[in-house]
Amino acid sequence: MLFSICLTLVFLLQLSAGIVGFVFSDKARGKVSEVISNAIVHYRDDLDLQNLIDFGQREFNCCGGISYNDWSQNIYFNCSSENQSRERCSVPYSCCLHNEDEAVVNTMCGYRVQTLDYLEAGEYIHTNGCIDKLVNWLHSNLFLLGGVALGLAIPQLVGILLSQVLINQIKDQIKLQRYNLQHQSDPWN
């Protein structure tokens with residue numbers, strides 16, 4: 001019975017999360033923007049976060065949140081005169097356009113690109129931001145995400161159903177035992 005209750009609660013939580021996600025899907029872009037902007041600010045603070053951002057920028061062929069200039073929010077990459085970092089006005093290597101023919105990879109391809117205009121920077125790095133690409137990816141893969149959710153929901157529903165059948169069978173067995181005890185005939189009386 002405890003298993004059935006727990007499985008039902010998990011199913012209801014997943015269902016409510018799906019409904020909330022569907023209803024508030026228009027606010028998803030704002031939340032994604034907020035998360036990416038915060039991640040850019042803390043890029044060098046956490047190696048795992050840095051690797052995640054780099055993976056996303058390489059995977060989606062993008063740079064920054066809205067554009068490559070978003071990297072000026074990071075203290076290491078901003079273009080202010082107070083910034084003495086070697087990465088001043090630059091972007092991470094993961095923003096760079098990669099040429100498969102290069103024998104040696106240029107890890108400094110994003111150096112000082114924030115000082116260039118959009119078209120000039122486009123010769124070295126991906127200038128489009130990751131927010132639109134990520135939101136578009138989510139929308140284009142909505143059926144896949146729905147299929148995964150359905151694939152998780154069906155075994156849960158079967159588990160809930162089978163556990164309820166088992167509960168009813170156990171209750172029937174208990175009733176049968178009680179009935180047999182009450183109507184048991186003693187041949188020696």
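Values below: all heavy atoms of this structure, side chains included; hydrogens, waters and symmetry mates excluded.
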**Request:** With side chain to side chain donor-acceptor pair (under 3.5 Å) as the test, would you mind laying out the steps for Q164 and S4 before giving the verdict?
**Result:** CA-CA 7 Å; Q164 288 299 318; S4 178; 2.7 Å; yes
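- Between the SG atom of C89 and the CG atom of N83 there is a distance of 7.5 Å, given to the nearest 0.5 Å.
- Atom-to-atom distance recorded for H98:NE2 and C109:SG is 6.5 Å, nearest 0.5 angstrom.
- Other residues, nucleotides and ligands contribute over 12 non-hydrogen atoms within 6.0 Å of the OH atom of Y43.
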**N78 vs S72, side chain to side chain donor-acceptor pair (under 3.5 Å): CA-CA, chis, key distance, verdict** = CA-CA 4 Å; N78 72 36; S72 63; over 6 Å; no
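- Clustering ILVMFWY residues whenever any of their side-chain heavy atoms sit less than 4.5 angstrom apart, transitively, puts I154 in a cluster other than the one holding L15.
- Between Y68 and L116, the shortest heavy-atom distance links the atoms OH-O, 3.0 Å.
- Nearest heavy-atom pair, N61 versus K133, reported as atom, atom and distance to 0.1 Å: O-NZ, 3.2 Å.
- Here C95 contributes atom SG and Q57 contributes atom CD; the two are 3.5 Å apart, rounded to the nearest 0.5 Å.
- For the pair Y93 and C96, the minimum side-chain heavy-atom distance is below 4.5 Å.
- The side-chain heavy atoms of Y179 and H183, taken from C-beta on, include a pair separated by under 4.5 Å.
- Proximity of Y124 to L97: side-chain heavy atoms (C-beta onward) are nowhere separated by under 4.5 Å.
- One distance of note links OG1 of T115 with CD of E120; it measures 8.5 Å at 0.5 Å rounding.
- Between I53 and I40, the shortest heavy-atom contact is CD1-N, 4.2 Å.
- Within the 4.5 Å cutoff, no side-chain heavy atoms of L157 are placed close to those of L161.
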**Message:** Apply side chain to side chain contact (heavy atoms under 4.5 Å, CB included) to residues E87 and Y111 and explain how you reach the verdict.
**Reply:** CA-CA 7 Å; E87 296 177 312; Y111 185 70; over 6 Å; no
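- In this structure, V91 and V113 have side chains that are in contact, with non-hydrogen atoms separated by less than 4.5 Å.
- In this structure a side-chain-to-backbone donor-acceptor pair under 3.5 Å is missing from S37 to E34.
- The line from CG of L47 to CG of L52 is 11.5 Å long, rounded to the nearest 0.5 Å.
- A donor-acceptor pair shorter than 3.5 Å can be found between the side chains of T127 and Y118.
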**Request:** Verify side chain to side chain contact (heavy atoms under 4.5 Å, CB included) between I160 and L7, making sure each step is shown before the conclusion.
**Result:** CA-CA 6 Å; I160 292 168; L7 200 55; 3.8 Å; yes
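- The nearest pair of heavy atoms linking R44 to F77 is NH2-CZ, 3.6 Å.
- Under the 6.0 Å cut-off for aromatic ring centres, W71 and Y76 do not qualify, their centroids lying 6.0 Å or more apart.
- Looking at every heavy atom in both residues, I36 comes nearest to I131 through CD1-CG1, 3.7 Å.
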**Message:** Between N38 and H42, does the side chain to side chain donor-acceptor pair (under 3.5 Å) criterion hold? Intermediate values first, please.
**Reply:** CA-CA 6 Å; N38 191 35; H42 298 289; 3.3 Å; yes
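- Q114 approaches C79 most closely through the heavy-atom pair CB-SG, 3.8 Å.
- Taken together, the cysteine pair C63 and C130 keeps its SG atoms at least 2.5 Å away from each other.
- No donor-acceptor distance shorter than 3.5 angstrom exists from the side chain of R58 to the backbone of S94, with no hydrogens or angles considered.
- A heavy-atom distance below 4.5 Å is found between the side chains of I5 and L9.
- Here the CG-CZ distance, from D132 to F60, works out to 12.0 Å after rounding to the nearest 0.5 Å.
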